[in-house]
Amino acid sequence: MEFTVNQVAAMLGGEVNGNGNQKINMLGKIQDAKEGQIAFLSNPKYEQYIYTTLATAVIVKRDFVARKEISATLILVDDPYISFTRLLEEYHKLVSFQKSGVEQPSFMGENSTIGNGYYRGAFSYIGNNVKIGEQVKIYPHAYVGDNVVIGDHCIIHSGVKIYADTKIGNHCVIHSGTVIGSDGFGFAPQSDGSYKTIPQLGTVIIEDHVAIGANTVIDCATLFGDATVVRQGVKLDNLIQIAHNVEIGKNTVIAAQAGISGSTKIGENCMIAGQVGISGHIVIANHTGIGAQAGISKSIKEEGKKLMGSPAYDFSEYYKAYAVFKKLPDIFHRLRAVEDKAKKSENTSLSVD
Amino acid sequence: MEFTVNQVAAMLGGEVNGNGNQKINMLGKIQDAKEGQIAFLSNPKYEQYIYTTLATAVIVKRDFVARKEISATLILVDDPYISFTRLLEEYHKLVSFQKSGVEQPSFMGENSTIGNGYYRGAFSYIGNNVKIGEQVKIYPHAYVGDNVVIGDHCIIHSGVKIYADTKIGNHCVIHSGTVIGSDGFGFAPQSDGSYKTIPQLGTVIIEDHVAIGANTVIDCATLFGDATVVRQGVKLDNLIQIAHNVEIGKNTVIAAQAGISGSTKIGENCMIAGQVGISGHIVIANHTGIGAQAGISKSIKEEGKKLMGSPAYDFSEYYKAYAVFKKLPDIFHRLRAVEDKAKKSENTSLSVD
Amino acid sequence: MEFTVNQVAAMLGGEVNGNGNQKINMLGKIQDAKEGQIAFLSNPKYEQYIYTTLATAVIVKRDFVARKEISATLILVDDPYISFTRLLEEYHKLVSFQKSGVEQPSFMGENSTIGNGYYRGAFSYIGNNVKIGEQVKIYPHAYVGDNVVIGDHCIIHSGVKIYADTKIGNHCVIHSGTVIGSDGFGFAPQSDGSYKTIPQLGTVIIEDHVAIGANTVIDCATLFGDATVVRQGVKLDNLIQIAHNVEIGKNTVIAAQAGISGSTKIGENCMIAGQVGISGHIVIANHTGIGAQAGISKSIKEEGKKLMGSPAYDFSEYYKAYAVFKKLPDIFHRLRAVEDKAKKSENTSLSVD
């Protein structure tokens, strides 16, 4: 991963002022960048650093006028911040997808295929009849069970466990320790107090552009032919529980340690905060916002609501009630005082009568 | 896994009506089953599909009378739903236990034994002096530490980590990413504000017929000779925390993301909902039910209680109080109004006097 | 690991009374110790057992006077309990660090080094340019990404996943399934309702003497050069979420299933109980205590506060309010009664007027 200043400028549609043949291999901050790095200047507050930076190149605004000599090569663009962000993204993509080839020992079962540009880390396991698309990176200790299908441009980080028959779309990233397709939690009570396992025979479907954090769990559906479904663009954080037969709507975002119980359907573009718990067999409307640690026990039918509390209800109503909750000892005291007065006044009235 | 219709009928004690030599390799729903599949008809609402289904065989009630021609072979039984459920269970067992033999590379230390019908997946690790019973399936990337004992008919899924000296009974299933026997969280405060590690030298005992979900953690006991114990028939969901020296009674069921603190004893046949937290060093009576997100801070001595809230108390009392909580802003308003009236009335009384 | 009684006595500064050449290979409790084990007698209540114990040696107080014959060899010390604890710690250290050498297959990339006394378990993975100190134990299925630095005397348990560029100090223990350095949860909303990934390019720094439980997750920082930081002496339990750019102060202790949101700074010597949730971008003062399941939404500026509730505030104020919360149905009833009286008295007053 080494580019010339000219190559970077071409990518950003920028103009080079200085030696464009110099090599860049890293991004840095203008105040502490080193040789071989590229930085940017957007906020005028940082202008002082452009005259002393060791960076090989600095991205500046097209109308930037230097007040002193600058040793770095300049790349002139319309918006240095946006250009740098784009560079960051490209860099991130390059770093994320840089691993390639196969490390040994690794395991690949019968009738399994993987497209071009793959990485199969040491100790990665791919079962039988697995179909994996192009530019997919399977890190060390990842487990991909039999009959799994994975699309293109996915990253399966170290130690991810994907049970048999799971389907994963394109452009998905799954972080370490996450488990997809484990048995749903289904047990039928028996007359002697014990429980009998209800076979969990469904699968999990993860659509395109889904990101899943570390140590999250997504259980498979109960019945044959059914699936727990995570729709396109969903972003799941770490340590989340998604139970069997759940469906999570397009572009919904769920923060760490939240849990969704079985058969619940979450709408599109919802925002679910950390440690939220959602009961089973309910439906959450699109654009619902749920505050941290809230507990949702009933379906939310109206779109765009914001909820808080356990059980949760309207966010601002909850906060108003909670503000009074804090005063409860005082309220109780005042209630008794007013009761005493009422009793006294009653007695007075009685004596008046 | 291919059976003839006759074989399936024999297993179910059913009577065959049609060609019993046809092959079945999959279960399906009557409305979308394909050739080679077996479906069932129980609910009369679905009768229409039996005349068009592509299923090779359909399980029907003994007294079923066809109103049109049916191409599928019929298996006549007393209760089609129960028969199909039994088939599901058999199928599930077959699928779950179908892996066998050893994939390479895998690791097995000195003096370790494993019974007949085993599966040892690639990259599975079995330490020294391990004793594993018959029909045990150790999936890829599972880790079984030194001196561990595992009974018969267990499934240890991919990436399960079992620390040294753990004991696991028969018919247990442990899902991916679960950790058993990690150090209990014990640290002694020192005068300089730092903490000293209290050695965790006990073990974990898991009895028979225990099911454990994915990414759950069960810590070992603190003292030599002591154990964290999970009794027979317990069912644990995903992402659960079981701290050191906890004991979980027979047939207790715990839902995802619940946490039990150190040295607490949970009784038999309890039902603990998701995200519940239970304090350390307490005792929970048999048949206790604990609602989602509840926090239990004191021992529950009476059996059969249902609890809610944090700290938790009687379930229906909690809901009554919570219903009033929602009205707190209004209550506060009304309290002030009645205070005003009382003051006014007091003044009036005073003026009366 | 076998010592003579004389060796143990020398280590404890104790005096031997009996055959000091006998071999000891295990610690035990005086009431059920077996041959080859060493026990202790501190509480006089247990004195009876010293006359019947099968232990090879028993640690007793220097002034202990036997009332009957004792077959065990005695080690006389100032404080038997403290001596035994020291023995436990030594034993634990020996057991923890006893594994050594390399098991095959294991993987070590280019330009990586590991110091003396190492253990590299089968299927452990060490990437490129990794620097690992002395006496470090890397258990099976552990993953150490490129450019990671690990100090001396660390234990990385089975299945731990350490992403590239992470830095870990000396004397750290990390339990199975824990993930360090996964991407922070950062997504920028787009006009079409979808989200764009914000590249997470920072790292994680873990200082010395940090203990981390099982299946915990620590995300990397967002920006280049930034780090999520866990300071010296911090103890983290199982299943904890530490988001990007968080900093956890020296000697702070966090119990299981707690979650800290992005960019929050936790002070030194805080005690955070189980299932606590802490919002992002806030600061928690030193010596703060946070009760189980509490939710912290604002910075805590004053040191030494104890908090409870969600949102949390003063611990004892919360409990006082919660005590009144339980009475809310009764309070509501009484409020209505006093309203009725007030109305009646008002009417009376009116009629008086």
Side-chain angles (χ1 to χ4, degrees), chain A residues 105 107 123 125 141 143 145 159 161 163 177-179 182-183 185 187 193-197 199-201 215-217 219 223-225 239-241 243 257 259 261 275 277 279 293 295 297 310-311 313 317-318 320-325 327-328 331 334-335 337-338 341-342 344-345 348-349 352, chain B residues 26-29 32 88-89 91-93 95 103-105 121-123 139-141 157-159 173 175-177 209 211 213-215 232-233 235 237-239 250-251 253 255-257 268-269 274-275 292-293 310 319 322 325-329 331-332 335 338-339 342-343 345-346 349 352-353:
Chain A
F107 186 96
F123 316 123
Y125 181 100
H141 309 118
Y143 168 84
K161 306 301 174 198
Y163 279 59
T178 281
V179 176
S182 41
D183 279 2
F185 196 61
F187 300 94
S194 73
Y195 289 85
K196 201 170 165 181
T197 302
Q200 304 290 316
L201 299 162
N215 284 352
T216 278
V217 179
D219 281 348
L223 297 177
F224 258 121
L239 294 161
I240 289 171
Q241 151 75 352
Q257 296 178 319
S261 303
Q275 298 184 336
S279 292
Q293 298 189 323
S297 56
S310 177
Y313 63 106
E317 292 301 314
Y318 176 82
K320 278 180 210 160
Y322 194 74
V324 182
F325 167 87
K327 297 177 189 156
L328 278 180
I331 285 172
R334 284 161 64 175
L335 174 65
V338 81
K341 281 190 190 171
K344 212 176 124 191
S345 136
T348 314
S349 301
V352 166
Chain B
M26 194 40 134
L27 296 90
K29 294 179 185 171
D32 48 34
L88 265 181
E89 282 165 6
Y91 176 82
H92 185 239
K93 215 178 282 174
V95 170
E103 292 167 353
Q104 290 302 352
F123 317 123
Y139 274 70
H141 309 117
H157 280 282
S158 178
V173 177
H175 280 280
S176 284
H209 295 283
N215 283 353
Q232 188 183 315
K235 311 298 177 192
D237 201 351
N238 306 322
L239 293 160
K250 205 173 142 183
N251 296 327
V253 172
Q257 297 177 320
E268 300 184 359
N269 291 93
Q275 298 183 338
Q293 298 188 324
S310 178
Y319 276 108
Y322 194 73
F325 167 86
K326 292 184 180 183
K327 298 177 187 156
L328 278 180
I331 286 173
F332 190 41
L335 175 65
V338 81
E339 280 177 335
K343 181 157 264 172
S345 136
E346 206 174 28
S349 301
V352 166
D353 287 342

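Residue numbers start from 1 in every chain, and the chains themselves are labelled A, B, ... in the order their sequence lines are given, proteins ahead of strands. In what follows, every heavy atom counts, from backbone to side chain, and hydrogens, waters and symmetry copies are set aside.
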Next on the checklist: At a 4.5 Å cut-off on heavy atoms, which part of P329(B) comes close to chain A: side chain, backbone, both, or neither?
Outcome noted: both
Item to check | F332(B)-F325(A) aromatic ring centre distance below 6.0 Å | outcome: no
Next on the checklist: Given 3.5 Å as the limit, does a donor-acceptor pair link the side chain of Y125(A) with the main chain of A122(B), or not?
Outcome noted: no
Next on the checklist: Distance alone, cut at 3.5 Å: any donor-acceptor contact between the side chains of Y143(A) and H157(B)?
Outcome noted: no
Next on the checklist: Only pairs of heavy atoms separated by less than 4.5 Å count here; which of G295(A), S310(A), G259(A) has the most with chain B?
Outcome noted: S310(A)
Item to check | Atom group of L88(B) that falls short of 4.5 Å from chain A, counting heavy atoms | outcome: both
Checklist entry - Is it the backbone or the side chain of E89(B) that comes under 4.5 Å from a heavy atom of chain A, or both, or neither? => result both
Next on the checklist: If I measure from the heavy atoms of chain B, does L239(A) come under 4.5 Å with its side chain, its backbone, both, or neither?
Outcome noted: both
Next on the checklist: At a 4.5 Å cut-off on heavy atoms, which part of N269(B) comes close to chain A: side chain, backbone, both, or neither?
Outcome noted: side chain
Checklist entry - Of all of H209(B), E103(B), K29(B), which one pairs up most often with chain A through heavy atoms under 4.5 Å apart? => result E103(B)
Next on the checklist: I want to check something: taking the side chain as every heavy atom from C-beta on, are K235(B) and F185(A) in contact at a cut-off of under 4.5 Å?
Outcome noted: yes
Next on the checklist: As an exercise: rank K320(A), K327(A), H141(A), Q293(A) by heavy-atom pairs under 4.5 Å with chain B and give me the winner.
Outcome noted: H141(A)
